[in-house]
Structures are given as structure tokens and as C-alpha cells.
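Letters A, B, ... are given to chains in the order of the sequence lines, protein chains preceding strands, and every chain is numbered from 1. Just so you know, these numbers come straight off a predicted model, no measurement behind them.
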Amino acid sequence: MTSFNKIIISNYKSNDLYYSVGVSSSTGKVVKISLSNPNKRKANAEIINSYPNFEFSNAYEDIAREISKIYEGKKTNLKLDMLELNVDKSNRDLPVKSSFQKDVLVETYKIPYGEVATYKSLAEKLKTRAYRAVGTVMANNPFPLIIPCHRVVKSDLTIGQYGGGPKMKREILKNEGVNLKGDKIIKTC
DNA sequence: TCGATGGCTTGTA
DNA sequence: CTACAAGCCATCG
């Protein structure tokens, strides 16, 4: 049972938003992403709370910068395989706690840029009616923006909730070119 | 182990 | 349009 001996935290700031990434020094995989406006300490605290054994370094600053590009609606080269998605109940340090959670996150990753899915449609792809549980996974998404939970909305196409607040969700979707009228997605054909 | 709690959905009024 | 109620089911304490 492997345990992370240390987490490396890198930061990047763009447009008054602080992006923090936590990377395991033993596996090189991202274990947590957090963003906060406008408080850098808060962004870091979210990672430190889960991983008290950490150090700061600019080693992964480029990843944090790439994440900021997603927010701004630009293309990035971020891949699923840089994320720690392994599930192992005997290892408390792993960010993904269950295979259900992993399945939802992977399915969310497949939502294309500029498009949206619903909590319901994700649940149905996983052959379950656990719509609310899908929402819970989104709420605890360790990899915001890379796993685009901002592209998951309610079945009536209203925007739904978001960790960073609904205004933030709206903003990211707008940056991706999604048509919004108030809090509702307007489908473009 | 079991009740409470959700970034939800559908139905009814 | 709003307001509940009941159902769903994975997770947490």
C-alpha cells in the first residue's frame, strides 16, 4: 500500500484568480487542483488540508497555467493520464475514493469543449439513476476544469450549482462559447 | 450499521 | 411561472 511521501504544490495567477496544483512527488500525478478568487492562501489551503506533508515549488507551474487556459476558454494539452485516478481503499491519500466516483469523473472528462451534459445523462451512461450521487461527485471533484464539471448542468438546461459559485460556472461556459440566456443553456444546432 | 444528506428528477398543484 | 413531495442511490458520520 503505497502512500504519498510528499505533495508538491505549484501556483499560477491569472486575471485575479489563483490556481494551485498538488502533485505527488512519488508518482508525479496530480492529486488535487484548486482555484480561488482572489485569495492565494485559500487556494493552497484546500490542498494542504488534504495533504499536510507538502512543499511549494514552481516545478508544476506550467500545469497550473494550462488549467487557467481552460477557464479562459483556450485550447490546452492536459490529459487524463496526468491525474491520479487510481482507486484503492487501503490508501487514504488517493483523491478518488470509489470506482463510482472514478467512473463519473472519466465520463465527465469526455464532454467536449463547448458542449454540456446533464447530471441525468451522465448517470444514464453509467446505467444508474443516481442523479444526485453524480452531483455529489461533481461537488467533490478533485480536478476542477481538467475534469470539466462546469459542463454538467441540470436536465432542464438551467445551469445548476458550482463549487466556485454560479457566476463562475456561467463565465467559464461563456468563455467556451456556450450560448446562455440568463441561467439557461440555449442549444445551438 | 443506519440514518441523514446532497451541485438531482419527476410529478402534482 | 413557483412550490412542494416523493423518489433515487452513493457517501459520510
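Side-chain heavy atoms closer than 4.5 Å link hydrophobic residues (I, L, V, M, F, W, Y) into clusters, and following such links, possibly through other members, connects V152(A) to I147(A).
Other residues, nucleotides and ligands contribute over 12 non-hydrogen atoms within 6.0 Å of the NZ atom of K167(A). Within a 6.0 Å sphere centred on CZ of R129(A), heavy atoms belonging to other residues, nucleotides or ligands number 12 at most.
Atoms OG1 and CD1, on T76(A) and I63(A) in that order, are 11.0 Å from each other to the nearest 0.5 Å. Rounded to the nearest 0.5 Å, atoms CG (L145(A)) and CD (E66(A)) are 12.0 Å apart.
Sorted by residue number, the members of residues 138-156 of chain A with any non-hydrogen atom under 4.0 Å from DNA chain B read M138(A), A139(A), C149(A), K154(A), S155(A). Of the residues in residues 126-133 of chain A, those lying under 4.0 Å from DNA chain B by heavy-atom distance are Y131(A), R132(A), A133(A).
R151(A) is linked by a salt bridge (Lys or Arg N to Asp or Glu O under 4.0 Å) to E176(A), counting only residues two or more places apart in sequence or in another chain.
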Exercise. Hey, mind stepping through D93(A) and E84(A) against side chain to side chain contact (heavy atoms under 4.5 Å, CB included) and telling me if it holds?
Worked result: CA-CA 10 Å; D93(A) 277 343; E84(A) 181 53 83; over 6 Å; no
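Protein atom CG of L122(A) is 10 Å distant from nucleotide atom P of dT9(B), rounded to whole Å. To the nearest angstrom, P of dT9(B) lies 8 Å from OH of Y119(A). Rounded to whole angstrom, the span from the CG atom of D183(A) across to the P atom of dC8(B) amounts to 13 Å.
For the residue pair Y71(A) and E171(A), a side-chain donor N or O sits within less than 3.5 Å of a side-chain acceptor on the partner. Looking only at atom types and distance, the side chain of Q101(A) has no donor-acceptor partner in the side chain of D103(A) under 3.5 Å away.
When base pairs are accepted only as Watson-Crick or G-U wobble with both N-N or N-O distances under 3.5 Å, DNA chain C takes part in stems of 3 or more pairs at B:2-6 with C:9-13, B:8-13 with C:2-7.
No side-chain heavy atom of V134(A) sits less than 4.5 Å from a side-chain heavy atom of T128(A). Using a 4.5 Å heavy-atom cutoff, the side chains of Y119(A) and K154(A) are in contact.
Without hydrogens or angle criteria, K29(A) side chain to S26(A) main chain gives no donor-acceptor distance under 3.5 Å. S10(A) places a side-chain N or O within donor-acceptor distance of the main-chain N or O of Y60(A), the cut-off being under 3.5 Å.
Nucleic acid contact class of F100(A) (heavy atoms, under 4.0 Å, all strands): sugar-phosphate only. Among the atoms of the strands shown, base atoms are found under 4.0 Å from some heavy atom of K169(A).
Judged by the 6.0 Å and 45° rule, K75(A) forms a cation-pi pair with Y113(A).
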Could you list all N or O pairs between the protein and nucleotides 11-13 of chain B that sit under 3.5 Å apart?
none

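Mapping heavy-atom proximity under 4.0 Å, the span of DNA chain C touched by chain A runs 5' to 3' from dG7(C) to dT11(C).
A salt bridge does not link K69(A) to E72(A): none of the charged nitrogens lies less than 4.0 Å from a carboxylate oxygen.
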